[in-house]
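Just below is one structure, and these are the notes that go with it.
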Amino acid sequence: MVTPEDRLTVPVDLTQVNDAFGVVCARLMFVALPAAMPVAVACLVFQKKVTEAVTIAAGVKGW
């Protein structure tokens, strides 16, 4: 329902790339890489805090 191309979400944009070029894994992964980068960077930056939170939530002592 969103017509301007600059307002498309990542999954819709990936689908359009897939529809336009056919099923080519290299192109699809090249387009998906920038979408995954912020999540990967956030995981690296907050890795220790996430590990501590999971450990506390699981009830493991020693932290």
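- Hydrophobic clustering places F46 together with V54 (ILVMFWY residues linked when any side-chain heavy atoms are closer than 4.5 Å, directly or through intermediates).
- The shortest heavy-atom contact between P38 and A35 is CD-O, 3.6 Å.
- Residues V39 and V50 do not share a hydrophobic cluster, defined by chaining ILVMFWY side chains whose heavy atoms lie under 4.5 Å apart.
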